[in-house]
Amino acid sequence: MNETKCDIAVIRGDGIGVDVTDAALAVIEAARGRTGGFRLDCDDLDAGAGYFKETGKDIAPGAEDACDTADAILLGAIGLPDVRHADGTEISPHLRLRDRFGLYAGVRPVKAYANAPQRLADPRAAGIDLIILRESTEGLFYTAAATGREIVQTDQEVQDILRITRRTSEKLFDFAFKLAEKRKARGKKGMVTCVDKANVFRSMAFFRKVFDERKTAFPDVPVSYNYVDAQALDLIRRPWDFDVLVMENMFGDILSDLAGGLVGGMGMASCAEVGDAHALFQPAHGSAPDIMGQDKANPLAAILSGALMLDYLSDRTGGHTGLADAAQVIENAVEKGFAENRLRPMEFGGDMGTKAVTRELIDLIGGA
Ligand code: ATP
């Protein structure tokens, strides 16, 4: 049988990033064992705070170029509290990758699992299943996201810029509508909410105008609008009513943490950052120095990010079924594992560390 081969740039990084990436790769391999049809060639690349401490560089020579030519980048976590650049800033080569490769679409799934923590008493909270789609290269992070972007900064006044461009917004909205279509095909709501502050900011009115223009190309996708303050309220009052929520960078930064908090902890927060020709997959959490080296980390955020990567690779390679099926196999196993109380991460007061969760998931995938 013909196998599709994908090149993966793997950056384990620091702290628990190493363990959760190993877990993700092991689970992907188990899923591949079920579906076949593809092979991942992994290129292990050094980067992060530990590497910086040893070498004075935040990423190995040639590693950025290796990311450039790979089909996808799989990243663990980067950063250690006592390791900083001379100016006090954090070691963050992954932000440079985001900028260099134009990874504008930040996909943050938020899904409730049975027996995982739910912060809302309403039983409908069991049905939370939404995506925060965060534009990730401009918005209010524009001047913070890369060096060399001039801002007013004197001792009397400092300004940041909220930048919305037609080019990026069109791509972002097309991504949102296609994502909604895909989710609809998988039995989900398949609708898009434009989250903005179009009643106050010209930049946000422009954001909504471009949204309205692009939605005409997707007439079958239902849309709605919400101001960001009302959306914060609605994420507490009725999060089960939403599907794909698309917004600018800073709003997405804040609301993805809020929404993630509704369904568990950082150990469930998966993330994809997608551009025109590149994509990076990583758990939304950091290196968690307080628990590193103790086999306590919940690997599911990294594992679910791995499933997002397989789904992306499926699209990238022309819809090869093995890859999309393997992503589905992983998602189903996580769902079943929680429903049958076979996944009990320590993060939620359970008895299972990183290795035990990974082993159980591999058993679930294998049908044990
Ligand atoms: P960063 O700024 O890099 O995001 P941070 O210190 O703000 O880092 P994390 O490293 O994500 O944030 O850790 C925040 C808290 O969440 C810590 O108490 C950490 O132990 C916990 N945490 C993060 N990831 C996990 C995980 N996968 N499993 C269990 N606990 C986790």
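A quick note: this is a predicted structure, and the numbers were derived from the prediction, not measured. Start at 1 and go down the list; that is how both ligands and their atoms are numbered.
- Distance check for atom 21 (C) of ligand 1: every protein heavy atom is found at 4.0 Å or beyond.
- Within the 4.0 Å heavy-atom criterion, both parts of H285, backbone and side chain, lie near ligand 1.
- Of the protein's heavy atoms, M266 CG, 4.0 Å lies nearest to atom 16 (O) of ligand 1.
- Ion pairing between D129 and R186 fails under the 4.0 Å rule for side-chain N and carboxylate O.
- Within ligand 1, counting atoms from 1 as listed, the ones closer than 4.0 Å to a heavy atom of G286 are 1 (P), 3 (O), 4 (O), 8 (O), 9 (P), 10 (O), 11 (O).
- Heavy atoms of A301 come nearer than 4.0 angstrom to ligand 1 in no pair at all.
- For atom 19 (C) of ligand 1, the nearest non-hydrogen atom from the set V357, L300, D290, V20 comes from D290.
- In this structure, E181 contributes its side chain and K184 its backbone to no donor-acceptor pair below 3.5 Å.
- Of all protein heavy atoms, the one closest to atom 31 (C) of ligand 1 is I291 CD1, 4.0 Å.
- With respect to atom 6 (O) of ligand 1, the closest heavy atom belonging to the protein is P289 CD, 4.9 Å.
- Taking only nitrogen or oxygen atoms, main chain and side chain alike, I16 does not reach within less than 3.5 Å of ligand 1.
- Every atom of ligand 1 with a heavy atom of G267 under 4.0 Å away is listed here by number and element: 26 (C), 27 (N).
- Taking a cutoff of 4.0 Å between a charged side-chain nitrogen and a carboxylate oxygen, D234 and R237 qualify as a salt bridge.
- Atom 24 (N) of ligand 1 is flagged as protein-proximal [any protein heavy atom, distance under 4.0 Å].
- With ligand atoms numbered from 1 in the order given, ligand 1 contributes 10 (O), 19 (C), 20 (O), 23 (C) to contacts under 4.0 Å with heavy atoms of A288.
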| request: Would you check, one step at a time, whether the test ring pair (Phe, Tyr, Trp, His ring centres under 6.0 Å) holds for F251 with F207? | output: CA-CA 13 Å; F251 295 165; F207 189 75; 8.4 Å; no
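- Counting only heavy atoms, the protein gets under 4.0 Å from atom 3 (O) of ligand 1.
- A donor-acceptor pair under 3.5 Å links the side-chain atoms of S305 to the main chain of C271, judged by distance alone.
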| request: Begin with the C-alpha distance, continue with both residues' side-chain angles, and end with the deciding distance and a verdict on ring pair (Phe, Tyr, Trp, His ring centres under 6.0 Å) for F211 and Y225. | output: CA-CA 10 Å; F211 178 87; Y225 305 84; 5.6 Å; yes
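- Neither the backbone nor the side chain of A302 comes within 4.0 Å of ligand 1, counting heavy atoms alone.
- Distance screen at 4.0 Å: atom 29 (C) of ligand 1 has a protein heavy-atom neighbour inside the cut-off.
- Atoms of ligand 1 lying under 4.0 Å from any heavy atom of A297, numbered from 1 in the order shown and given with element: 28 (N).
- The backbone and the side chain of N298 each have at least one atom closer than 4.0 Å to an atom of ligand 1 (non-hydrogen atoms only).
- The backbone N or O of A66 sits less than 3.5 Å from a side-chain atom of T69, completing a donor-acceptor pair.
- A salt bridge is defined here as a Lys NZ or Arg NE, NH1 or NH2 lying under 4.0 Å from an Asp or Glu carboxylate O, and K215 with D220 fails to meet this definition.
- Using a cut-off of 4.0 Å between Lys/Arg side-chain N and Asp/Glu carboxylate O, E3 and R32 are scored as salt-bridged.
- Using a 4.0 Å cut-off between a side-chain N of Lys or Arg and a carboxylate O of Asp or Glu, D174 and K171 do not qualify as a salt bridge.
- Polar contact check, E90 against ligand 1: no nitrogen or oxygen pair lies under 3.5 Å apart.
- A donor-acceptor pair under 3.5 Å is formed between the side chain of D295 and the backbone N or O of T354.
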